[in-house]
Amino acid sequence: MQHPDTVWTTSLAVSWLALFSDYLLMTLIIPLFPMLGASEMATGMLFASKACMQILAAPLFSTIIDKCGLKLLFMGLIVDAVSNLSFAFSMNYHVWLFARIMQGIASAAVIPASLGHIQRMYSHDEDLRADAFGTVTTGILAGVMIGPPMGGILFTIHPSLPFILVTCIVLAAAAMCVHVQRTVEVPVPHPSKSTGISTMIRDKDLLVSLGALLFANMAISALEATFGIYGLKALGLGPSAVGILYLFSTIPTMLASKCCAPLQRYCGVRWYVVCGGLILQGTSFMLGPKSNLFLEVVSFVGLGTGMGLIDGTAPEINSAIAKERYGGSTAVHSLSICAIQVGFIIGPLLGNYLMEHINFWGMSFMLGLFMVLYSPVMRRLDYFETSTKHERSPLVDRTV
């Protein structure tokens, strides 16, 4: 039998690598979309198609995630690898659209299965679970951070190179998943028979947390869908420069996410961290004028930091609600994915529409304002946080 520390480290590693490879594949093509020569709305559809399919597939996978666990994760990684090869050998818009749809199916399996695995492995200790969620979230953010510059730079060397490299990473994650499945004994959750998406979606506290994820990802996806075109036309930035500029948002996101667990312990309640993230992300998005490159860099830093605070804390809030009310069902993460992907649908479509009919700064200001106005709603979670606080393990500083 493996030592518990080895088991937990292995579980963190497979979840981190699976999330990293999924998001790396998703984001490395962001600087490359303008190279297809499609219209702004057609480019928005490339973003939204993945999210639409992910939302459609998530309810199906939520019914089997507690039973299948790592098997679902392995399946999603294989589909990711197949879709990646479609990008590698074609520059046709319709082929890329089909590959994005396949990505949506894969992500609907990979992301909740990875987060659910962490929830199961750390179900015994809330503080350790918070640290673990903060750690694996850095896998998401590392993929987001590395993807755009990697895609832009490697694409200039050879159009197929970034996709072939990522396929190797995805297959490595799948191999590690098989190893963990064979060597690690994973606790099985015992949700009630009535637990499911249809039951959870009526939980108002859960809806508040999901709303924060929706608005945060709506803003960042609107930026991703529009800034490549804006940077090319208004600022004269090529794909490599746009990809490198994204580092000013993704590095702070990664750092902020890792700091979420200590911040939660310092604040005493988790919703403070999410509320602060919404306000920071919203005000940073409103910052302008956008023609000033220095202010845009500052805006990117604030957006990234706020995003990290939300993405690093909301999964722990959702897991706590699932543990308290739904027998620890990991299906809650499928709902999280739905909320994130609704944001990824609304963001690109609304962002491109507003940029066409107003301008880039007007789009940024309006979406940022939505986030600031939503932040007070997070106070609803105060009763849940305080009523369950006495049942938690002591809020001492621990590391994973």
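Bear in mind that the values here come from a model prediction, so they are computed numbers and not experimental data.
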So [Y] and [X], do their side chains get closer than 4.5 Å, heavy atoms only?
| X | Y | answer |
| --- | --- | --- |
| Met378 | Leu278 | yes |
| Met286 | Leu369 | yes |
| Ser114 | Val110 | yes |
| Trp96 | Met91 | yes |
| Val178 | Phe74 | yes |
| Met366 | Leu350 | no |
| Met176 | Trp16 | no |
| Phe87 | Leu28 | no |

Linked, directly or transitively: [X] and [Y] (ILVMFWY side chains, under 4.5 Å):
| X | Y | value |
| --- | --- | --- |
| Tyr23 | Leu165 | yes |
| Val273 | Ile220 | no |
| Phe370 | Ile346 | yes |
| Leu255 | Phe248 | yes |
| Phe155 | Tyr93 | yes |

Between [X] and [Y], which heavy-atom pair has the shortest distance, and what is it?
| X | Y | value |
| --- | --- | --- |
| Ala88 | Ile164 | CB-CG1, 4.5 Å |
| Met200 | Leu335 | CB-CD1, 3.5 Å |
| Cys259 | Pro262 | O-CD, 3.2 Å |
| Ala106 | Gly76 | CB-O, 3.3 Å |
| Gln281 | Ala216 | NE2-O, 3.2 Å |
| Leu223 | Glu296 | CD1-OE2, 4.3 Å |

Say you draw a straight line from [atom1] of [X] to [atom2] of [Y]; how long is it, rounded to the nearest 0.5 Å?
| X | Y | atom1 | atom2 | value |
| --- | --- | --- | --- | --- |
| Leu171 | Ile78 | CG | CD1 | 6.0 Å |
| Leu97 | Ser49 | CG | OG | 4.5 Å |
| Thr226 | Leu354 | OG1 | CG | 9.5 Å |
| Ile55 | Cys338 | CD1 | SG | 6.0 Å |
| Ser284 | Ile279 | OG | CD1 | 11.5 Å |
| Ser21 | Asn84 | OG | CG | 10.0 Å |

Main chain of [Y], side chain of [X]: is a donor-acceptor contact present, judged purely on distance under 3.5 Å?
| X | Y | result |
| --- | --- | --- |
| Asn217 | Leu213 | yes |
| Ser299 | Leu295 | no |
| Ser375 | Val372 | yes |
| Tyr272 | Leu263 | no |
| Asn352 | Pro348 | yes |
| Ser107 | Gly104 | no |

Tell me whether the centres of the aromatic rings in Phe300 and Phe227 are closer together than 6.0 Å.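 Yes, the ring centres sit under 6.0 Å apart.
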
Any chance the rings of Tyr353 and His357 have centres within less than 6.0 Å? yes

Quick one, Asp80 with Val166, criterion side-chain contact (heavy atoms from CB on, under 4.5 Å). Give me CA distance, side-chain angles, the key distance, then yes/no. CA-CA 10 Å; Asp80 250 344; Val166 174; over 6 Å; no

Does Phe98 CZ have over 12 foreign heavy atoms under 6.0 Å away? no

For Arg380 and Trp271, run side-chain contact (heavy atoms from CB on, under 4.5 Å): C-alpha distance rounded to whole Å, both residues' side-chain angles, the deciding distance at 0.1 Å, then the answer. CA-CA 9 Å; Arg380 180 184 171 83; Trp271 71 267; over 6 Å; no

Partners meeting side-chain hydrogen bond (donor to acceptor under 3.5 Å, both in side chains) with Gln103 (sequence neighbours left out): Arg100

Could you please spell out the steps behind the ring-ring contact (aromatic ring centres under 6.0 Å, His included) verdict for Phe365 and Trp361? CA-CA 6 Å; Phe365 189 90; Trp361 190 7; 7.6 Å; no

Would Asp203 and Leu207 count as a side-chain contact (heavy atoms from CB on, under 4.5 Å) if you check the C-alpha gap in whole Å, the side-chain angles of each, and the deciding distance to 0.1 Å? CA-CA 6 Å; Asp203 189 313; Leu207 287 175; 5.9 Å; no

Checking Phe20 against Ile169 for the side-chain contact (heavy atoms from CB on, under 4.5 Å) test, could you report, in this order, the C-alpha distance in whole Å, the side-chain angles of both residues, the deciding distance, and whether it holds? CA-CA 9 Å; Phe20 169 74; Ile169 297 174; 4.2 Å; yes

Do Asn318 and Ser209 have side-chain atoms, one donor and one acceptor, less than 3.5 Å apart?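 Present: a donor and an acceptor within the cut-off.
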
Show me the donor-acceptor pairs within less than 3.5 Å that the side chains of residues 303-315 make with the rest of the protein, sequence neighbours left out.
| residue | atom | partner | partner atom | Å |
| --- | --- | --- | --- | --- |
| Thr305 | OG1 | Val301 | O | 2.9 |
| Thr313 | OG1 | Leu309 | O | 2.9 |

